[in-house]
Amino acid sequence: MASKPKDNPESESLDEAKKNALNLFEKEEKRASRKGKAKPEVEAETSVFGHLGDTKKDAPLPPRPSQAKEEVAAPVEEEEPVEEEPAVIEVEEGKIINIKPPIIVKDLAELMEMKPFKLIKDLMALDVFVNQNQSIEPDIAAQVCEKHGYIFEKEKREKGAGVHKVEEVIEEPEVVAPEEVEEDLLKPRPPVVTFMGHVDHGKTSLLDYFRGSQVVDGEAGGITQHVGAYGVEKEGKKVTFIDTPGHEAFTEMRSRGANVTDIVVLVIAADDGIMPTTLEAIDHCRAANVAIMVAINKVDLPRADVNRVKSQLQERELSPEDWGGDTICVEVSAKTGDGLEDLFEAICLQAEIMELRANEDGPARAVVIEARTEPGKGPTATVVVQSGVLKVGVPFICGDYHGKVKALLDDHGKRVKDAPPATPVEVVGFADVPDVGDELVQMESDRNAKKLSEERMQAARQAKLQPKQRSALETLFANIEEGSKKTLKAILKADVQGSVEAISGALNEIESEKISFEIIRADAGPITESDVLLASASDAIVLGFNTKVENKAVALVKREGVQVKLFSIIYELIDQVKEAMLGMLDPETRENVLGHAEVREVFKTSSGRVGGCFVTDGRINRKARARVIRGGQPVYDGGFATLRRFKDDVNEVKNGLECGIKLGDFNDYMKDDVIECYELEKLELTL
């Protein structure tokens, strides 16, 4: 009975202590919620005066152990939300990794504040095996960064900005072929006609008659010194004429990829006939693959011989129509005007047969015919519009330079607001003088045109540091392997016409199904500047037989990077061309088995395992190759590392003898393995 009253007070005191502790905790929470600063002050006080001990802190509190435990637990519960806020800030500012490709493992580990070997371990878990100096893909780097709590960004963002800055790629509008444009959008356009021929055969005089002007009077010596483009309209039919100083300008345009000419009118004087310059012009026209018409000029002169001119054309595979051919020949006289109307009608008829059309919608495109700097205008260029409509005020890119069309002038010097396709105009507003043959392309804005110009100028500066590579007999095989060349083009020059015909006949007899040989020009005389320009434009080589290179052409050969080969023996020239064409063909290989050896025992040495073999048939040659055959299946193929007879190294072991064989780094020899020795025999194909 006495024990019961003693137990009750103890249990009651324990319950009262718990209630008091809970009440104190609730009061503290209410007091903190009202004041808002109660807890931080207590924490601050304990942190500042912690060196004085816990007596002062515990004095106002009851000395009950349950209450002390609950007071210690209370601040622990409130530490969790305080730690969440800096974690968000760290991810936003400190854990964003910006790096540009190539992404090197060592650099990425440094940005992530990790050891490189730990990062390599994570990459191995992703089946990526690299060392610290190798690069990894951006998606792999993003996975590794995400694993360690980092955010991977490929593009560098602006300072203080929260969005990515993606570099904008500026490109000129794509070229749309007329075949890809709807029929309704294509409209007929005038033909672009180029006058070519020998000097003083009357090219500009014919054009003067059509234009009703006297351009030739303003030229030095009555010879055209520059390129001019003019528009002529008669009876509702428009034709754009281009007058050039000679074939050189035409070659310059073609070598830059310009193909503005639809029809070439070959002007030949009836009293002179076909001259060397005329032959060169024919070669350029054929290389450019344009239609050729012939205007036989000066038929009013007493010494004119039209039949002789037609006979010369027949020899050059330009058969006149009245002789049963397909070449239009018109007899004209620029002085009296006879036959010029027929020539104009023939040009219009040929244009109708060709069905020339262009798309006037979309960005304008034009080709530079002539460029110069004029006082008061700055850099200007004469262009012929190919597609679209060129208007005043539009920005453009032309070659490496940008600009904005400030003014458009026609061939009479009058201002126009726009220029449709096949219209020649003079454009004012270039940043610098463009090159002949450059393409003028309309851009969306001045900013895009300027940025694209900067990129092209930078690329041009880098390209100047690399030498030009032209066709060479020694490098043709490498070009064929790259699939960039399948035809050997050549220009042949010899001392006399008989040698030209003999060499051309011998070279044309070389036949091959895979490699072809093409002579784009064969003529007698020295190698001139025109030959070098044609070879540069056509990516051809120049072959000379008993001839020389003109002094003016030597510097051009070095500048253009054209290969010139000179020979004095005809068979040497033909053999070298054949060897070059044979080198283009892929040689075939045939396997020739030399012998077999059977592994009788396997020996262990300091350098690995060696097979003790017995030659069953043929011979084993150390310079040949061998394969290990096990159960009828090859398990290794390689060269010989060791071939020994007893303790001596030998080059060959014959049938019925024992030897020790070690192949490359192969060590898995087993008894009854068969070592087959063979050699690869190359078989060169014939043309």
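This chain uses plain numbering: 1 for the first residue, then up along the sequence.
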*asked:* Atom CD of residue position Glu679 - does it have more than 12 heavy atoms of other residues, nucleotides or ligands inside 6.0 Å?
replied: yes

*Does Thr589 reach the main-chain N or O of Glu681 with its side chain, forming a donor-acceptor pair under 3.5 Å?*
no

*So, the side chain of Asp107 versus the backbone of Ile104: is there a donor-acceptor pair under 3.5 Å, distance only?*
no

*Can you find a heavy atom in the side chain of Leu111 that is under 4.5 Å from one in the side chain of Ile99?*
yes

_According to side-chain hydrogen bond (donor to acceptor under 3.5 Å, both in side chains), does anything in residues 123-140 pair up with another residue at least two apart or in another chain? List the pairs._
none

*side-chain contact (heavy atoms from CB on, under 4.5 Å) evaluation trace for Leu680 with Glu591*: CA-CA 5 Å; Leu680 295 176; Glu591 186 177 296; 4.3 Å; yes

*Within a radius of less than 6.0 Å around CD of Glu572, do more than 12 heavy atoms belonging to other residues, nucleotides or ligands occur?*
yes

_If you define the side chain from C-beta out and look only at heavy atoms, does anything of Arg461 sit under 4.5 Å from Gln458?_
yes

*side chain to side chain contact (heavy atoms under 4.5 Å, CB included) with Ser536: which of Asp531, Val557, Val562?*
Val562

_Ring centroid separation Phe666 to Tyr636 under 6.0 Å_ = yes

*Spell out, as yes or no, whether a donor-acceptor pair under 3.5 Å connects the side chain of Thr547 to the backbone of Gly525.*
yes

_No-hydrogen, no-angle side-chain donor-acceptor test under 3.5 Å, His402 and Asn448_ = no

*Examine distances only and state if a side-chain atom of Ser504 and a backbone atom of Val500 form a donor-acceptor pair shorter than 3.5 Å.*
yes

*Under 3.5 Å donor-acceptor, Arg456 side chain and Tyr401 backbone*: no

*For the pair Asp438 (side chain) and Asp435 (backbone), establish whether a donor and an acceptor sit closer than 3.5 Å, ignoring hydrogens and angles.*
yes

*Got a sec: does the CZ of Arg609 have more than 12 other heavy atoms crowding it under 6.0 Å?*
no

*Determine, step by step, whether Leu594 and Ile620 satisfy the side-chain contact (heavy atoms from CB on, under 4.5 Å) criterion, reporting the C-alpha distance in whole Å, the side-chain angles of both residues, the deciding distance to 0.1 Å, and the verdict.*
CA-CA 7 Å; Leu594 300 179; Ile620 304 298; over 6 Å; no

*Can you tell if the side chain of Val564 reaches within under 4.5 Å of the side chain of Leu543, non-hydrogen atoms only?*
no

*Salt bridge Arg627-Glu676, side-chain N to carboxylate O under 4.0 Å*: yes

_Can you pull out every ring pair (Phe, Tyr, Trp, His ring centres under 6.0 Å) where at least one residue sits in residues 99-145? Sequence neighbours excluded, please._
none

*Hey, are Lys671 and Glu601 close enough for a salt bridge, meaning a charged N less than 4.0 Å from a carboxylate O?*
yes

All N/O donor-acceptor pairs, side-chain side in residues 637-647, below 3.5 Å, sequence neighbours left out:
{"residue": "Asp637", "atom": "OD1", "partner": "Arg625", "partner atom": "NH2", "Å": "3.3"}
{"residue": "Asp637", "atom": "OD1", "partner": "Tyr678", "partner atom": "OH", "Å": "2.8"}
{"residue": "Asp637", "atom": "OD2", "partner": "Tyr678", "partner atom": "OH", "Å": "2.8"}
{"residue": "Arg644", "atom": "NE", "partner": "Asp649", "partner atom": "OD1", "Å": "2.8"}
{"residue": "Arg645", "atom": "NH1", "partner": "Glu658", "partner atom": "O", "Å": "2.8"}

*Charged N to carboxylate O below 4.0 Å: is that the case for Lys493 and Asp523?*
no

*Main-chain N/O of Val628 paired with Asp673 side-chain donor or acceptor, under 3.5 Å*: no

_Note: Asp668-Arg630 ion pair, threshold 4.0 Å (strictly below)_ = yes

